[in-house]
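Counting from 1, the numbers follow the sequence of the chain as shown.
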Amino acid sequence: MDYHHHTNHSFDSTASMVEICKKAIENEIQEICFTEHFSVNPLAPTYGHMVFENYLQEIRYCQEQFHTQLTIKAGIELCEPHLLKEQYDKTLQPLDLDFILGSVHNLKNQKLRLALKEDPATAYERYFTELYHMVSTADIDIIAHFDLMKRYAYKEYGLYNFQEHQEIIEQIVKKAIDRNIGMEINTSGLRTGLKQTLPSIEILRLYIELGGEILTVGSDSHTAKDVGANLADAYALAKACGFNYIYKFEKRKPIPVKLF
């Protein structure tokens, strides 16, 4: 299963859904979920790109075309869904989606790269604090790429020290578990110089130690060539951390699938 894909329905991808589906079938993936970027904030880069009628119509087309070879779910990746919550609820409630990722891509309407440049010494702490606010109130199923800030920081500012931020990370994880929000193993970092999944192994271990169970795996593909990239690594990491199941979703309900 690969539960994180972007196509030309996202502002930062030109891939087509059909290309993604064909690549998934070629890579012997049984189930995928499209999770396009979406924001109701006019100041966010993602704003204004998504046309849900077209998006869902194309998903239905792919479901019909590939139904004997691939299970295809309809999802979304929300940017800062704890902000402007009423607008998100109003927009999403009628759509009957299968799956919702929540992510923090901006701090005070600044991209993470700019937030880093503004004050690198506090950037990680500000990011994790915003993530805590998101997990506390947003209507989401999974925290996307939990420690995303490191994607933009590692080259120039370095990786964060887990122990240094452990208190706020524990607060995020506990709140997520309390609210039945899971997390993903996002493999995109393995395709860059970062050479790590998002989140790090320390966060995955903490999540399971504190009683977390709901885990998805996603390549975060923006091109067809990345569909299913490093999924085997993610599954091996999940097992090494002590997870017995990976989850799929249907109409926002988590369904466990045994890890072998």
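The NE2 atom of His9 sits 3.5 Å away from the CD atom of Glu58 when rounded to the nearest 0.5 Å. A distance of 10.5 Å separates CG of Leu78 from OG1 of Thr35, quoted to the nearest 0.5 Å. Rounding to the nearest 0.5 angstrom, the gap separating the CD atom in Gln166 from the CD atom in Gln171 is 11.5 Å.
Residue pairs that meet the salt bridge (charged side-chain N to carboxylate O under 4.0 Å, His left out) test with at least one member in residues 111-126, sequence neighbours left out, do not exist here.
In plain terms, the two heavy atoms of Ala229 and Thr187 that are nearest each other are O-OG1, 2.8 Å. What you find for Thr71 and Lys73 is that their closest heavy atoms are CG2-CE, 3.9 Å.
When ring centroids are compared, Tyr157 and Tyr152 stay outside the 6.0 Å threshold.
For the residue pair Glu53 / Gln57, no side-chain donor-acceptor distance below 3.5 Å is found, with atom types taken as modelled. A donor atom on one side chain and an acceptor atom on the other are found under 3.5 Å apart for Glu36 and Thr7.
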Next item on the list: Report the C-alpha distance between Ile255 and Phe249 in whole Å, list the side-chain angles of each, state the deciding distance to 0.1 Å, and finish with yes or no for side-chain contact (heavy atoms from CB on, under 4.5 Å).
Entry: CA-CA 6 Å; Ile255 302 166; Phe249 278 75; over 6 Å; no
Checklist line | Audit row: Ile177, Tyr207, side-chain contact (heavy atoms from CB on, under 4.5 Å) steps and yes/no | finding: CA-CA 8 Å; Ile177 293 168; Tyr207 177 60; 3.7 Å; yes
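Environment of CD in Glu213: sparse, with no more than 12 heavy atoms of neighbouring residues, nucleotides or ligands closer than 6.0 Å.
Note: the hydrophobic cluster containing Tyr235 also contains Ile185 (ILVMFWY, side chain heavy atoms under 4.5 Å, direct or indirect links). Linking Ile, Leu, Val, Met, Phe, Trp and Tyr residues whenever their side-chain heavy atoms come within less than 4.5 Å places Leu101 and Leu56 in a single cluster. Linking Ile, Leu, Val, Met, Phe, Trp and Tyr whenever their side-chain heavy atoms come within less than 4.5 Å leaves Leu83 and Leu114 in two separate clusters.
Within the 4.5 Å cutoff, the side chain of His82 has heavy atoms near those of the Glu130 side chain.
When Ile32, Leu70, Asp226 are each tested for a side-chain contact (heavy atoms from CB on, under 4.5 Å) with Ile20, only one passes: Ile32.
Applying the ring pair (Phe, Tyr, Trp, His ring centres under 6.0 Å) test to His37 and every residue at least two apart in sequence or in another chain returns His6, Phe11, His105, His222. Partners of Asn41 by side chain to side chain donor-acceptor pair (under 3.5 Å), not counting sequence neighbours, listed by chain and number: Asn109. Applying the side-chain contact (heavy atoms from CB on, under 4.5 Å) criterion to Tyr154, with sequence neighbours excluded, gives Leu159, Thr192, Leu194.
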Pairs under 3.5 angstrom only: tabulate donor-acceptor contacts from the side chains of residues 142-151 to other protein residues two or more places apart or in another chain.
residue : atom : partner : partner atom : Å
His145  : NE2  : Glu77   : OE2          : 3.1
Asp147  : OD2  : Lys150  : NZ           : 2.9
Asp147  : OD2  : Tyr160  : OH           : 2.6
Asp147  : OD2  : Ser200  : N            : 3.1
Lys150  : NZ   : Gln196  : OE1          : 2.7
Lys150  : NZ   : Thr197  : O            : 2.9
Arg151  : NH2  : Ser188  : OG           : 2.8
Arg151  : NH2  : Asp220  : OD2          : 3.4

Show me the side-chain donor-acceptor pairs of residues 131-139 shorter than 3.5 Å, one per line, residues at least two apart or across chains.
residue : atom : partner : partner atom : Å
Ser136  : OG   : Tyr132  : O            : 2.7
Thr137  : OG1  : His133  : O            : 3.3
Asp139  : OD1  : Arg252  : NH2          : 2.8

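With respect to the salt-bridge test (charged N to carboxylate O, under 4.0 angstrom), the residues Lys174 and Asp178 do not qualify. Ion pairing between a basic and an acidic side chain is recognised when a charged N comes within 4.0 Å of a carboxylate O; Glu26 and Lys23 show such pairing.
Note on ring orientation: taking the six-membered ring where Trp is involved, the planes of Tyr124 and His165 are tilted (angle from 30° to 60°).
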